[in-house]
Amino acid sequence: MATGLAQRLLDWFQRHGRHDLPWQNPQTPYRVWVSEIMLQQTQVATVLGYFERFMRRFPDVQTLAQAPSDEVMQYWAGLGYYARARNMHAAARRIVDEHGGELPDNAESLRALPGIGESTAGAILSLAFGRPAAILDGNCKRVYARYFGEPGWPGETRIARRLWAYARQHTPADRPGDFAQAIMDLGATLCTRKKPDCRRCPLNADCRALAEDAVECYPYPRPKKQRPLRQARLLAVMDDDRVLLEKRPPSGIWGSLWSLPEIGEGFTAEDHARQMLGLQLEDARPLESFTHGFTHFELQITPWIGRKGQSAGVADEGQLRWYSLARLPGVPAPVAKFLANLPTRNESS
DNA sequence: AATACGGGGCG
DNA sequence: CGCCCAGTATT
């Protein structure tokens, strides 16, 4: 009988796995947690720089819990999925209040924290606490789908359940953390989506997909849909080199991030400025539109620009703030790019 | 059970 | 340019 899947992965990991990722040295529960949240839907190479900066500013749960949310969001700006940062900040405060500042070491308590689902709980338990908990991220799904020749799209509940069953079944009681890291490393370095290096794979002896000579057919891809086009007008009210930003609501696009105010549908720029921002807008004019792609739709943004006239009543204080163009808070990437290309002196021909 | 959430990387 | 990536929360 051949060596089991777990043992082959563990042996391979010892020689060829990644052992020098920042969150592995030292591999504390807090660092594992932060890295896992950052790594949700975000690749390792992108996370590296964010993780180091984040750790320098928020070295432990207490520091994170006490930090103003604007600053947490600022350190997250550019990573996307901003609900992750909002949830993590709220979770840090609950960890301080309810768990004495230490991450809980059981699945139920971890799952109760905002932003921690089944897989992230499993990652924290196995990687940081050495508990035999299963994980199932994109890498694992790909490895299992290929090794077991699992047909179907993993986004389908029925398929996901089968993959979770494989994961639980094969997670070893001994060295579960190494196993979790091993299967993710295999998916990231050999069992890649395109051009997998099956020759070097420790599972190539009995991989179902390889036997079928159809490795790249697994996992079955997401059914493609075409993305609808939405439109938005963003308003840049200038006061010399300062611009008025608005904190967006916690949910929805760019949640909790500072951004240019969005002109309400059916309102002129001037009306919106007067009624929602509490100021007169002068010399308002549209600039060239640009399109930003999201996962589920495309957003055509038409930026409007104008100068601040006199204030016209009480605006929504707290959600509105003036910022120097040279010292912006974390703003969405396309907005940051647009603002960066504005002439510093508000000049019109 | 399906959908929303986002930016970066890559061929 | 299309597709994917260390998933979770919401509906």
Side-chain angles (χ1 to χ4, degrees), chain A residues 17-18 21-24 31-51 73 76-88 90-91 110-124 126-128 134-143 153-161 163-164 167 177 179-189 191-195 216 219-228 230 248-257 259 291-299 330-337:
Chain A
R18 297 176 293 188
L21 294 167
W23 41 91
Q24 295 176 310
R31 291 166 65 86
V32 168
W33 173 43
V34 173
S35 69
E36 286 300 324
I37 300 300
M38 287 188 172
L39 287 161
Q40 288 171 6
Q41 307 295 298
T42 308
Q43 294 177 7
V44 170
T46 304
V47 165
L48 288 175
Y50 284 90
F51 182 81
M73 298 311 295
W76 206 270
L79 270 178
Y81 283 92
Y82 299 99
R84 294 183 292 173
R86 190 164 35 78
N87 286 335
M88 196 170 69
L110 286 170
R111 286 285 279 105
L113 295 169
I116 298 184
E118 187 71 33
S119 189
T120 300
I124 294 170
S126 60
L127 294 171
I135 64 167
L136 189 66
D137 63 11
N139 289 314
C140 305
K141 287 175 183 169
R142 193 166 53 251
V143 171
W153 173 52
E156 226 174 296
T157 306
R158 197 179 76 85
I159 305 300
R161 271 203 301 264
L163 295 172
W164 267 111
F179 175 80
Q181 192 64 53
I183 194 164
M184 288 191 289
D185 284 1
L186 186 76
T189 62
C191 197
T192 48
R193 185 169 66 91
K194 294 292 190 74
K195 298 188 178 181
E216 287 195 22
Y220 196 84
R222 157 193 297 277
K224 45 186 137 221
K225 287 181 270 193
Q226 61 179 9
R227 303 179 298 180
R230 295 194 211 162
R248 299 184 60 92
S251 63
I253 294 286
W254 302 330
S256 301
L257 237 58
S259 180
T291 301
H292 182 67
F294 291 93
T295 310
H296 301 282
F297 61 93
E298 288 191 55
L299 186 64
V331 297
V335 175
K337 186 175 173 185

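Chain A is the first sequence line, chain B the second, and so forth, proteins listed ahead of strands; every chain is numbered from 1. Just so it is clear, the model here is predicted, and its values are computed rather than measured.
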If the threshold is 4.0 Å, N to carboxylate O, is there a salt bridge linking A:E118 and A:R111? yes
I need the A:W23 CH2 to A:M38 CE distance, nearest 0.5 Å. 9.0 Å
Closest-nucleotide 5' rank along DNA chain B - winner of A:R158 and A:Y82: A:R158
Main-chain N/O of A:I253 paired to A:R248 side chain as donor or acceptor, under 3.5 Å: yes
At under 4.0 Å between heavy atoms, what does A:G252 touch on the DNA or RNA strands: base, sugar-phosphate, or nothing? sugar-phosphate
From CG (A:L79) to CD1 (A:I37), nearest 0.5 Å: 12.0 Å
First encountered from the 5' end of DNA chain B, between A:E156 and A:L79: A:E156
C:dA6 and B:dA2, which share atom name P, separated by this distance in whole Å: 23 Å
In the 5'-to-3' direction, what one-character label does each nucleotide of nucleotides 4-11 of chain C receive under the scheme B = base within less than 4.0 Å of a protein heavy atom, S = sugar-phosphate only, - = no such atom? SBBBSS--
From the 5' end of DNA chain B to its 3' end, which nucleotides mark the outer limits of contact with chain A, defined by a 4.0 Å heavy-atom distance cut-off (strictly under)? B:dA1 to B:dG9
Could you check whether any side-chain N or O of A:R18 sits under 3.5 Å from a backbone N or O of A:Q181, counting only pairs where one atom can act as donor and the other as acceptor? no
Taking atom P in both C:dT10 and B:dG6, what distance in whole Å separates the two? 13 Å
For A:C191, does its backbone N or O pair with a side-chain atom of A:R142 as donor and acceptor, under 3.5 Å? yes
So CD1 of A:I183 and CG of A:L136: to nearest 0.5 Å the spacing works out to 8.5 Å
Heavy atoms only, 4.0 Å cut-off, all strands: where does A:Y50 land among base, sugar-phosphate and nothing? nothing
Applying side chain to side chain donor-acceptor pair (under 3.5 Å), can you list everything that pairs with A:T120, at least two apart in sequence or on another chain? A:Q40
